[in-house]
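A quick note: this is a predicted structure, and the numbers were derived from the prediction, not measured. Residue numbers run from 1 in the order of the sequence given. Counting convention: from 1, in listed order, for ligands and their atoms alike.
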Amino acid sequence: MNLHVPDLAPLPEPVRTTCPYCGVGCGVLARPDGAGGAGIEGDPEHPANFGRLCSKGSALGETLGLDDRVLHPTIAGARVTWDHALDTVAERFRRVAEAHGPDAVAFYLSGQLLTEDYYVANKLAKGFIGTPHVDTNSRLCMSSSVAAHRRAFGSDTVPGCYEDLDQADLVVLVGSNAAWCHPILFRRMLDARAKRGTRIVTIDPRRTQTGEEADLFLGLKPGTDAALFSGLLVHLAETGAVDERYVAAHTAGFEAALERARAIAPDSAATAALTGLAEADVRHFFELVRTTPRVVTAFSQGVNQSAQGTDKANAIINCHLATGRIGKPGMGPFSLTGQPNAMGGREVGGLANMLAAHMHFAPEEVDLVRRFWGAPRIITGEGLKAVSLFEAIERGRIKALWVMGTNPAVSMPRADRVRAAMRSLDTLVIAEAVATTDTVRVREDAIVLPALAWGEKDGTVTNSERRISRQRPFLKAPGEARADWWMLAQVGRRLGFAKEFAWPNAAAVFREHAALSGFENAGSRDFDLSGLADITDAAYAGQRPVQWPLPRRTRTSEARLFANGGFFTRDRRARFVAVQKPALADPTSAAFPFRLNTGRVRDHWHTLTRTGKSPRLSAHRAVPFVEVHPDDAARAGLREGDLARVRTPYGAAVLEVMVTPGVQPGVLFAPMHWSEATASAGRVGALAQGAVDPVSGQPELKATPAAIAPEPMRSRGFLITRTPAPAPEGWWWARAAIEGGSGLIVATNDGPAEAAALMRARFPGAAFSEYADPACGVYRAAAFAEGRLVGALALAPAAERPSFEAAKAFFRTQELLEPAARRALISGRAESGGSGPLVCACHTVGRDTIAGTIEAGAASVEAVGAACRAGTNCGSCIPEIRKLLAAALAPSPA
Ligand SMILES: Nc1nc2c(c(=O)[nH]1)N[C@H]1C(S)=C(S)[C@@H](COP(=O)(O)OP(=O)(O)OC[C@H]3O[C@@H](n4cnc5c(=O)[nH]c(N)nc54)[C@H](O)[C@@H]3O)O[C@H]1N2
Ligand SMILES: Nc1nc2c(c(=O)[nH]1)N[C@H]1C(S)=C(S)[C@@H](COP(=O)(O)OP(=O)(O)OC[C@H]3O[C@@H](n4cnc5c(=O)[nH]c(N)nc54)[C@H](O)[C@@H]3O)O[C@H]1N2
Ligand code: SF4
Ligand SMILES: [Mo]
């Protein structure tokens, strides 16, 4: 018998790189396909993910397309050469500095830049232009954690590592929706639960998927975390759980902090009253913590993005210091970083209140950095933090701004004002990868510089556990795009600092950064990477993930710190912090009776410039929405799926209503993701008030006073075209990527007659299949050119709104549609049983398909996975599958 062995082309060698999304920092294997795309897999050898990727990471291949990219430098929309663009930036910055002082120039950077980019920006601004006004979107993200670490430890040090999550017996998640925002770490926690029975407590005013999965969910009142952890400190003190030896040997300030905690929350009853929790739940939580030595308290934006964020974080850290549960296996306070390189930005000193390499503005630190850089104009004090920075622009104090790797027109609180402020600048420079962002479109005369994006750029990022990993290029640079560090260095050279900005490659920048961290550092500073200061280009190219500190003295890195004290204060002791009693910055009122909480969804990243390109990722939540409690919805006359206008004193948005008991009465939740580029009225950043934390300057983004009212529209529906087309004038819309086309989900006061006219205007010369029922307000049409589907529009009254899900499937193929398919399209039904709203993004499995497997007997997450693959890859959707199982298997009421 002849065995036929097919000729398989050998798989190309994968390039090892790092996911560009969240701070988990998962390793990725990318296999370029030679046509601008790449196959994407998890790197089994990366210690953050061991081969796993979440839905966003797995879909990276869908975001590599070049449509929408900035490919050439432009000034006022006209293409210019790099030389001309860089000369212009240098010349304008020089002129502004001469006329108004160097501090009229500012930089607004991003935790998504690579460390090398960030290092060069910081050096250029603080050392050579001589402006202290360098801040970053990390101000909106990590700055309260940074400030809390500094107050407690004397340095911005994360004491633990990911293995602690595997080894903990109790994981407390505070203000973190890790199931959606740090999915691979959340999987590690669930694995620990399966293996060793680790219990999970989730503390969040909103019952998120992370809350659904928890053993104990504490749905506290917004902003009251410091009361809960004050109560916990008192409980630990009164039940003999304090590690007296550790406190005596390695800390200071315990008594004062305890006294303040007692004044805030003397017992579990007082804690319950302040937090709105049931006293039994409070006791249960206190006892769990008291009796479980191996506890990790992981926290994120519910802690940081708060007008009391720094105190919240210190209240948590206090409990760990008091019990000596820090820096030991399975124990510690753990700030989960948001962006892929939030940590790297902190290392270089990219925040306005840091200088460089974890150094601040003590005279000897300024002197040290001045000598290392040879920087004549080094600044000697802090600059303005993001919110104040944009206020200074508004006042005309800052005249020139360089925005790099962030989209502040969308993501800053009071975003409308921020947009207006940017319009008043003399000079706005934007380094971007995507041409259509709201910030790029803020003004026509901006200088736009094409930046390399993920897959093209070369450098390093540091994840939540201080682990530095390489991002490596595996695609050609498109057009004239260049690395961010390169353009900064070019401007530095043009300003007369050729020698100081002469690096030939990213490796050289990294070496200088590592050398600065070790310069005159005999153990006095936590951040020390000098063990890599003489890394060769070849070694840098092959560098495996490594944690800092990694000093030259020992050449070994440390996974955990502070188990035996050794803090970075002058006396080497940690500080307990006496925190303030919780109070929300802004009171609600009759006009604004709700609190608007904002955050993220599972499959989208920030302002949608990347995940918005992926059909898979755009399906889970396709429109900007607002979660409303059923009682509030009933009172306001809002039903599931209605449109509602949400207003605050700062702005308004029109969002689709999701009625859910997951939010508390009086609280609304809306995601931050939609922009002017992706929706007509979905910019939630414009609504956020952004009162700042007095210590960190981080704005409150979780509790703005708000109002909600129905926004009735005559018709709801969709418009799908093969190539992206503008929405009809005056319609409400949200754009969703689909396969083979471009989708707009719409609402309008127009009806069938206007819709029919619109189709004819949009598709001149096309053949139409149409169904119109003017009496009922229903219209459905498809346009065909030479028999091929080119567009579809459907409108109906809200209650019968046509199914976008069903219609978009017809665009997957460019083939001629069979008559049956045409009829199905126009009938508004799916051709063959649709799979319902997307649940599993990895395997594209919808709710109805999962419900079908449950009906057919699948009684567990595993059985559902075996039947339809849902939940078997990244696991991000397992909580949703569990919910469907619970609903389906619940005994039906008699
Ligand atoms: N899918 C996805 N993942 C992401 C991102 C993304 O855009 N999409 N972005 C990344 C980035 S930059 C970041 S910073 C992280 C953010 O990750 P997370 O912090 O987990 O995400 P958020 O949704 O911003 O907010 C977390 C939770 O804080 C809760 N919260 C609000 N107020 C309070 C309060 O007073 N107390 C407590 N305890 N909780 C409160 C909110 O209800 C929300 O569920 O996610 C990262 N990962
Ligand atoms: N209401 C509300 N607002 C929030 C938050 C919230 O929870 N609620 N969260 C805040 C937090 S935690 C964060 S981190 C911010 C995030 O907010 P942003 O930083 O504004 O969000 P992104 O969409 O990630 O913006 C990154 C930009 O950089 C571009 N880009 C991508 N790669 C590169 C590159 O290599 N170089 C350059 N130069 N550009 C590149 C992208 O196209 C994109 O426009 O939002 C904050 N704003
Ligand atoms: S958890 Fe997901 S988004 Fe975060 S780094 Fe890993 S793959 Fe990327
Ligand atoms: Mo963030």
Side-chain angles (χ1 to χ4, degrees), residues 18-26 28 42 48-49 52-58 60 110-114 117 137-138 140-142 173-178 180-187 203-206 208 210-211 218 220-225 228 299-306 312 336-340 342 403-413 415 430-434 437 439-440 449 451-454 456-457 463 483-484 584 597-611 663 669-673 675 684-685 687-688 690 699 701-703 874 876:
T18 310
C19 176
Y21 295 124
C22 82
V24 177
C26 296
V28 168
N49 57 318
R52 281 175 171 163
L53 293 176
C54 78
S55 51
K56 294 181 296 302
S58 324
L60 273 165
S110 165
Q112 294 171 68
L113 295 171
L114 305 184
D117 303 324
N137 61 4
S138 281
L140 320 179
C141 182
M142 303 316 305
L173 286 156
V174 196
S176 156
N177 187 9
W180 281 11
C181 295
H182 296 94
I184 297 303
L185 279 190
F186 193 64
R187 285 297 294 273
I203 302 173
D204 192 316
R206 193 166 63 105
T208 58
T210 313
L218 298 177
L220 82 185
K221 279 198 280 193
T224 59
D225 305 73
L228 182 62
F299 52 99
S300 189
Q301 299 313 338
V303 169
N304 295 338
Q305 280 172 352
S306 147
K312 283 184 179 182
L336 298 175
T337 55
Q339 297 177 90
V403 176
M404 192 170 245
T406 175
N407 194 1
V410 184
S411 57
M412 277 291 292
I430 304 162
E432 245 303 337
V434 174
T437 74
T439 301
V440 168
L449 305 175
L452 292 178
W454 185 77
E456 301 149 9
K457 50 194 308 188
N463 72 5
D484 290 290
L584 284 170
N597 176 9
T598 65
R600 294 160 167 75
V601 302
R602 190 188 77 192
D603 289 351
H604 271 316
W605 177 259
H606 295 168
T607 70
L608 299 190
T609 64
R610 290 182 286 166
T611 50
V663 290
F669 173 84
M672 64 168 289
H673 303 295
S675 63
V684 163
L687 279 70
L701 293 168
K702 302 286 194 231
C874 78
S876 310

Fill in: Close N or O approach (Thr598, ligand 1; < 3.5 Å)
no

Discussion item. Does ligand 1 come near enough to Cys141 that some N or O of the ligand is less than 3.5 Å from an N or O of the residue?
Written reply: no

Worksheet item: Is Leu53 in contact with ligand 3, taking contact as a heavy-atom separation below 4.0 Å?
Response: yes

Fill in: Shortest protein contact, atom 2 (Fe) of ligand 3 (heavy atom only)
Cys54 SG, 2.3 Å

Worksheet item: Does ligand 2 have an atom that lies less than 4.0 angstrom from a heavy atom of Val410?
Response: no

Response to the item:
If you scan protein heavy atoms around atom 29 (C) of ligand 2, the nearest is Glu432 OE2, 3.2 Å

Worksheet, complete the sentence: ligand 2 atoms nearer than 4.0 angstrom to some heavy atom of Asp484 are 34 (C), 35 (O), 36 (N), 37 (C), 38 (N)

Worksheet item: For atom 28 (O) of ligand 2, which candidate among Ser411, Gly405, Ala409, Ser300 holds the nearest heavy atom?
Response: Gly405

Discussion item. Would Lys56 count as being in polar contact with ligand 1, using the rule that some N or O on each side must be under 3.5 angstrom apart?
Written reply: yes

Item to complete: Around atom 24 (O) of ligand 2, find the nearest protein heavy atom and jot down its residue, atom name and distance.
Response: Gln112 NE2, 2.6 Å

Discussion item. Check this for me - ligand 1, Gly223, N or O atoms closer than 3.5 angstrom, yes or no?
Written reply: yes

Discussion item. Evaluate Leu220 for polar contact with ligand 1, using N/O atom pairs at a separation under 3.5 Å.
Written reply: no

Discussion item. If I apply the N/O under 3.5 Å rule, does His182 come out as touching ligand 1?
Written reply: no

Discussion item. Just checking: Cys19, one of its N/O/S atoms, less than 2.8 Å away from atom 2 (Fe) of ligand 3, yes or no?
Written reply: no

Worksheet item: If you measure every N/O of Gln301 against every N/O of ligand 2, is any gap under 3.5 Å?
Response: no

Discussion item. Does any N or O of ligand 1 fall below 3.5 Å from an N or O anywhere on Val601, backbone included?
Written reply: yes

Discussion item. I need the nearest protein heavy-atom contact for atom 10 (C) of ligand 2: residue, atom name and distance, please.
Written reply: Gln305 NE2, 3.3 Å

Discussion item. Below 4.0 Å from ligand 2: does a non-hydrogen atom of Trp454 turn up there or not?
Written reply: no

Response to the item:
For Ala451, the ligand 2 atoms with a heavy-atom partner under 4.0 Å come out as 36 (N), 37 (C), 38 (N)

Worksheet entry | Heteroatom distance test (His604, ligand 1): nitrogen or oxygen, under 3.5 angstrom | yes

Response to the item:
Looking at His606, Met672, Arg600, the heavy atom closest to atom 11 (C) of ligand 2 belongs to Arg600

Item to complete: Mind checking whether Leu452 contacts ligand 2 via backbone (N, CA, C, O), side chain (CB onward), both or neither, at a 4.0 Å heavy-atom cut-off?
Response: backbone

Worksheet item: If you measure every N/O of Gly175 against every N/O of ligand 1, is any gap under 3.5 Å?
Response: yes

Discussion item. Heavy atoms only, cut-off 4.0 Å: how does Trp180 contact ligand 1, side chain, backbone, both, or neither?
Written reply: backbone

Worksheet item: Has Cys22 got an N/O/S atom less than 2.8 Å from atom 4 (Fe) of ligand 3?
Response: yes

Worksheet entry | Nearest-neighbour protein heavy atom for atom 30 (N) of ligand 1, which is reported as residue plus atom name and distance | Gly302 CA, 3.6 Å

Item to complete: Would you check whether Lys457 has a nitrogen or oxygen atom less than 3.5 angstrom from a nitrogen or oxygen atom of ligand 2?
Response: yes

Discussion item. Could you check whether any heavy atom of Lys702 sits closer than 4.0 Å to an atom of ligand 2, since that is the contact criterion I want to use?
Written reply: yes

Item to complete: May I ask you to check whether Gln339 has an N/O atom sitting below 3.5 Å from an N/O atom of ligand 1?
Response: no

Fill in: Contact check, His673 vs ligand 1, heavy-atom distance below 4.0 Å
yes

Discussion item. What protein heavy atom lies closest to atom 23 (O) of ligand 2? Include the residue and the distance to one decimal.
Written reply: Thr607 OG1, 2.5 Å

Discussion item. Looking at ligand 3, is there an atom of it that comes within less than 4.0 Å of some heavy atom belonging to Lys56?
Written reply: yes

Item to complete: Could you check which of Gly23, Ser55, Cys26, Cys181 puts a non-hydrogen atom nearest to atom 6 (Fe) of ligand 3?
Response: Cys26

